[in-house]
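Below, chains carry the letters A, B, ... as their sequence lines are ordered, and counting in each starts from 1. On a predicted model such as this, the values are computed, not experimentally measured, just so you know.
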Protein chains: 2
Amino acid sequence: MKVGTAALTVDAAGMRAQNSSLLLNMIWRERQISRAEIARRTELSPSTVSAIVADLEHSGLVRSIGAGVSRGGRRPTLIGFRDDAFSIIGVEMGATHVTVVLTDLRGRVRTHRTASQQVRNDPEGTLKTVRTLVQECLDAERVPRRSVVGLGVAAPSPVHPSSPGKMSPLILPAWRGYDVREALSTTFDLPVFVDNDANLGALSECYWGAGIGGEDLTYIKLATGIGSGHIIHGDVYRGAGGTAGEIGHIAVDSAGPPCLCGLRGCLVTLIGSGALVERARELMGTKGRKAPTVREIVEGARAGDPAARQIIDGLGQYLGVAVAGLLNLLNPAIVVLGGEISSVGDLLLDPLRASVRKRALSTSMAETRIVTSALGDKSIAVGAATLVLQAALRDRTLFPLQHVGKSA
Amino acid sequence: MKVGTAALTVDAAGMRAQNSSLLLNMIWRERQISRAEIARRTELSPSTVSAIVADLEHSGLVRSIGAGVSRGGRRPTLIGFRDDAFSIIGVEMGATHVTVVLTDLRGRVRTHRTASQQVRNDPEGTLKTVRTLVQECLDAERVPRRSVVGLGVAAPSPVHPSSPGKMSPLILPAWRGYDVREALSTTFDLPVFVDNDANLGALSECYWGAGIGGEDLTYIKLATGIGSGHIIHGDVYRGAGGTAGEIGHIAVDSAGPPCLCGLRGCLVTLIGSGALVERARELMGTKGRKAPTVREIVEGARAGDPAARQIIDGLGQYLGVAVAGLLNLLNPAIVVLGGEISSVGDLLLDPLRASVRKRALSTSMAETRIVTSALGDKSIAVGAATLVLQAALRDRTLFPLQHVGKSA
DNA sequence: CTGGTTTCTTCGCAGTGCGAACGAAGTTTT
DNA sequence: AAAACTTCGTTCGCACTGCGAAGAAACCAG
């Protein structure tokens, strides 16, 4: 049951595919590397490496980029990954907006579009908005459909592994009957990958953020809702039912306020944006009559406003309870905090770390770094694109084949 | 970083090794299967399957076991896994005892030995006891060293992935400088695998217990300490520092008693054996002057003693807090409770499930079964042996080669 | 008993990676 | 400046693998 289920058989072609992917990943990772160096690291013979590199070059994924420094003999020819060989589309469906990015194969955003959109109750309108924005991105960069690897989608809902594309009927009841994957796949005739937004935030951090080089990471998204995603052994971990990472409904304070989910004292009722804003209204000299925004709390805290600081302190303390449990249970290498409020940095990290230290084993603490995200507001959409990239780097056949001559 | 690190290159021999392992696993799993059926399922050609099966047969791992039922033509020759081809040794180092089992390749215990042993403060004596018991098991079954695949060890300490064999200096300070793997490997000249006891309990459940057929499971060991182990995608998950699963020190009640670890209200201070016994002394009509044992609590609860029932209820409630957090964070398919106290079954499961229901998202709950272990008191030692089995089924070369003729 | 079906093996073929030999291109030594 | 050495990359024959077609063996149905 556990060993060989997923493993596929190998024939001669499969062997080539495996080694080919291995080399492709190495070249992607190293950005530039010589054939000789690849042969040394992979323990493949030089002749095999040359043959595979020729393959990859012919498919347009890599190219020669001049000579490297000599190690006492002939200078090596450096091979580089062609980040611009293909494009990827990443879509973030937030609570009240849709963001679409078009990235290259290095996670760089080449174009992006955002539109306000009530996602929760308007599947039809949301899909239409997504289609429009995707098309705009493609048109803006004059990217032909055939040079797009695929389309990644971040959804504000858990995604069940057995039916990617369908939203949770409990979180997004209005989406019953809709299948995002199906819908977009038929529209654009491209492979579509869907996952939860926090999971994709985690993937984004693992590839482009605080988790670079690591394989185990937990990302916590602090926003209207509180979600988290785990990267385990380099892969998004979804759990048995796709709801792994639902940190927002961990009961932190059994005497706390009731939550929409029916429980009491959920983390989200204490540190969700709504709770923070509410608390800010109580504490801060809310000049006018309007409730302050998260942005104002951030700015206030940075400016030294004691009320804002107090709110952030409280956030750190509550969050620490959940993070401590997380460290003991999962012992991730890194915990990354994302979401607008995380931009206060140490103002949040200090009370959080103190709170965790009071509640987690020192051994779990020792190995875990807790940091705030340095990626921008498009990190979720980029994470969606990264999901496609990850799949394609593992299975080269996902890259659309295009016969490339000698031209650049 | 995340994709190709672990992947190894493949050559012709590696291709054969992969396919060979795949077949070996299939035969192990199915117990009996024909070449034709293997070819259909794996999509390998009949000729290839025959060749590989001949290989496996020659190495003594499988054998023909007569004809199956016809599907309208020639009757298939069924191939069976030879569970008795090799033996595996499993060692459990508990808090106050050492248990050694000798199993076949199906996790069946052929011989076992147990001895009282203070493990915590006596590394030298513990290792000596282990050596003695292992040798006794080998002698009892007249098993030659060369037919033993390896030796698995369950340790009452987290094991850091980078130094398997070394105990945590915080949990077992007396073991500083000792390396269990090294020590036993040189004594017996066998491969040695070491892991945390709760992790191996989890593995045991996944292979032989409640988790059969699944790939994601969490095991919780209720004993002097409270530990847990996660099986993720069929593998033990150890976390970045090897301390994943330290559920015992999750803070459940911030107003609770202080714990040895320096924190307050740890789960273990509330539901560890010590706490249960202490509470029993308060509540139960402790006939004599001695403190009751866990066994007596179990028997009392079964017999209907209200005090014992109350203790179990409390256990279920506290444990529910931690399990709810676990479900939200990891969303495992199954949670298995082990340890002596778990033998009360529903008496514990009912209050536990109720407690969880009050604290976990219904979506997380829906996909998760919570059960008590049906494996016996040797499940941890068997889990240690299973770790070796798992490794060998993946890498056939771990099976000692022995030239087998046509004999049975 | 005959025709059809299924199982398993045999044998030649195509594809893959390897290794030795070689040429190409630098560096270091003389 | 020339020779000797080192490294890089390619070429080519070899060994091994899995495949597919063909065939033999074993069985069932009529």
Checklist outcome for this item: Hits for salt bridge (charged side-chain N to carboxylate O under 4.0 Å, His left out) against B/R108, two or more places apart or cross-chain, chain-then-number order -> B/D83, B/D104

Item to check | Residue-phosphate contact under 4.0 Å: B/S45 side-chain N/O, D/dC19 OP1/OP2 | outcome: yes

Item to check | Listed nucleotide nearest any side-chain atom of A/S70, set C/dT27, C/dG17, D/dC27 | outcome: C/dT27

Checklist entry - Who passes side chain to side chain contact (heavy atoms under 4.5 Å, CB included) against B/T48, sequence neighbours left out? => result B/L44, B/S45, B/I52

Checklist entry - In whole angstroms, how far is the C1' atom of D/dC8 from the CD1 atom of A/I33? => result 14 Å

Checklist outcome for this item: Sequence neighbours excluded, the answer for side chain to side chain contact (heavy atoms under 4.5 Å, CB included) partners of B/L217 is B/A202, B/E205, B/C206, B/Y219, B/I231, B/V336

Checklist entry - When you check every protein heavy atom under 4.0 Å of nucleotides 8-13 of chain C, what one-letter string (B, S, -) results, 5' to 3'? => result SBB---

Next on the checklist: Check this for me, if you would: do A/R110 and A/D84 make a salt bridge, where the nitrogen-to-carboxylate-oxygen distance has to be below 4.0 angstrom?
Outcome noted: no

Checklist entry - Excluding sequence neighbours, so at least two apart, what forms ring-ring contact (aromatic ring centres under 6.0 Å, His included) with B/F399? => result B/F86

Item to check | Atom-pair distance (CG on B/D55; C1' on D/dG18), nearest Å | outcome: 13 Å

Item to check | Separation of D/dT7 P from A/I38 CD1 (nearest whole Å) | outcome: 18 Å

Checklist entry - Rounded to the Å, how far apart are A/E57 CD and D/dG9 P? => result 12 Å

Checklist entry - Starting at CZ of A/R71 and ending at P of D/dG9, how long is that distance when rounded to a whole Å? => result 11 Å

Checklist entry - What's the CE-P distance between B/M15 and D/dA15, to the nearest Å? => result 17 Å

Item to check | With B/Y237 via ring-ring contact (aromatic ring centres under 6.0 Å, His included) - residues at least two apart | outcome: A/H233

Item to check | Whole angstrom value for the distance that separates C1' of C/dT16 from CZ of A/R16 | outcome: 7 Å

Item to check | d(CG, A/D11; C1', C/dG15) in whole Å | outcome: 9 Å

Checklist entry - Is there a donor in the side chain of A/E37 and an acceptor in the side chain of A/Q32, or the other way round, less than 3.5 Å apart? => result no

Next on the checklist: Whether B/N19 contacts D/dG18 is assessed here as follows: a side-chain N or O lying under 4.0 Å from the phosphate OP1 or OP2. Is that the case?
Outcome noted: yes

